[in-house]
Amino acid sequence: MAFAPALADELRAAVRDYLAGRPGASWREFARDVGIAGLLVPGKHGGAGCGAAEMAAVAEELGRALSPHPFLQSAVMAVEAATSCGADELLEALAGGVSATVVLPGDGELRLDGERLTGVVPYALEGSWCWPTPAGRWWRPCPRGGRRT
């Protein structure tokens with residue numbers, strides 16, 4: 001999708017109005033009602049197929065409101081990682097508003113011990129889905145209590 005200044009303005013207004021009117025809304029509600037979770041997800045996977053300019057318009061409004069929503073990790077970083085490794089079903093889930101944990105590469109070690117992801121990594125952003133290595137195509141719902149980094 002080509003950048004359309006009018007679309008960026010519409011996104012800014014929609015995010016601003018939603019955050020002002022529903023300050024305690026969850027990520028899933030916000031993502032569903034405004035449609036920003038699938039902003040960067042390709043259209044064939046249920047997203048809008050927008051680009052960086054539209055993403056920046058949304059990020060700007062979220063920053064202005066000091067919003068705690070997981071836009072960066074769920075709607076930007078996770079989408080880019082899932083797109084690069086061909087994780088079509090994950091893209092569809094992300095477009096629907098699932099929040100994601102993104103583990104960034106670096107010095108550290110992770111392993112799956114039964115249903116619990118354990119280990120130490122230098123950077124991890126919170127969410128309900130995780131996959132430590134896109135090349136390994138390992139993604140699954142994060143277990144409850146598995147948020148320690």
Side-chain angles (χ1 to χ4, degrees), residues 1-106 108 110 112 115-117 121-147 149:
M1 171 180 270
F3 173 66
L7 177 58
D9 291 340
E10 287 177 35
L11 286 167
R12 278 188 194 92
V15 170
R16 187 179 314 122
D17 293 347
Y18 192 87
L19 292 174
R22 302 210 39 211
S26 70
W27 167 249
R28 191 175 290 273
E29 292 171 320
F30 179 51
R32 179 195 64 227
D33 294 348
V34 181
I36 63 166
L39 199 62
L40 298 178
V41 174
K44 68 182 180 178
H45 299 298
C50 291
E54 292 84 6
M55 180 272 307
V58 170
E60 180 180 1
E61 289 305 318
L62 291 170
R64 183 185 323 274
L66 300 176
S67 171
H69 293 298
F71 178 72
L72 176 64
Q73 66 263 36
S74 297
V76 180
M77 295 172 73
V79 168
E80 291 300 318
T83 300
S84 72
C85 69
D88 296 350
E89 71 275 12
L90 184 55
L91 284 169
E92 291 166 10
L94 291 167
V98 168
S99 62
T101 295
V102 177
V103 177
L104 302 175
L110 289 173
L112 190 61
E115 286 295 312
R116 187 178 179 110
L117 180 66
V121 293
Y123 306 102
L125 301 174
E126 172 183 358
S128 60
W129 279 76
C130 68
W131 67 99
T133 56
R137 296 178 185 255
W138 178 40
W139 50 85
R140 65 178 55 224
C142 238
R144 295 254 182 239
R147 298 171 61 184
T149 58

Can you tell me how far [atom2] of [Y] sits from [atom1] of [X], rounded to the nearest 0.5 angstrom?
| X | Y | atom1 | atom2 | answer |
| --- | --- | --- | --- | --- |
| Leu94 | Met77 | CG | CE | 12.5 Å |
| Thr83 | His45 | OG1 | NE2 | 7.0 Å |
| Glu80 | Leu91 | CD | CG | 9.5 Å |
| Leu7 | Leu39 | CG | CG | 7.5 Å |

Practice task
Would you check if Val34 and Leu11 make a side-chain contact, meaning some heavy-atom pair closer than 4.5 Å?
Solution key: no

Practice task
Decide yes or no for His69 and Ile36: does some side-chain heavy atom of the first lie under 4.5 Å from some side-chain heavy atom of the second?
Solution key: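 In short, these two side chains do not touch, never coming nearer than 4.5 Å.
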
Practice task
Apply side chain to side chain contact (heavy atoms under 4.5 Å, CB included) to Glu61 and Leu19, showing your working.
Solution key: CA-CA 9 Å; Glu61 289 305 318; Leu19 292 174; 5.5 Å; no

Exercise for the section: For the pair Glu54 (side chain) and Gly51 (backbone), establish whether a donor and an acceptor sit closer than 3.5 Å, ignoring hydrogens and angles. Expected result: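 Yes.
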
Handout entry: salt bridge (Lys or Arg N to Asp or Glu O under 4.0 Å) involving Glu92 - partner list, sequence neighbours excluded
Key =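 For Glu92 there are no salt bridge (Lys or Arg N to Asp or Glu O under 4.0 Å) partners, ignoring immediate neighbours.
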
If I compare all heavy atoms of [X] with all of [Y], which pair ends up nearest, and what's the gap?
| X | Y | result |
| --- | --- | --- |
| Ala37 | Trp27 | CB-CZ2, 4.0 Å |
| Ala95 | Gly46 | CB-O, 3.9 Å |
| Ala20 | Pro23 | O-CD, 3.9 Å |
| Ala57 | Ala8 | CB-O, 3.8 Å |

Exercise for the section: Could you label the plane-to-plane angle of the Phe30 and Tyr18 rings as parallel, tilted or perpendicular, counting under 30° as parallel and over 60° as perpendicular? Expected result: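 If you compare the ring of Phe30 with that of Tyr18, the planes turn out tilted.
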
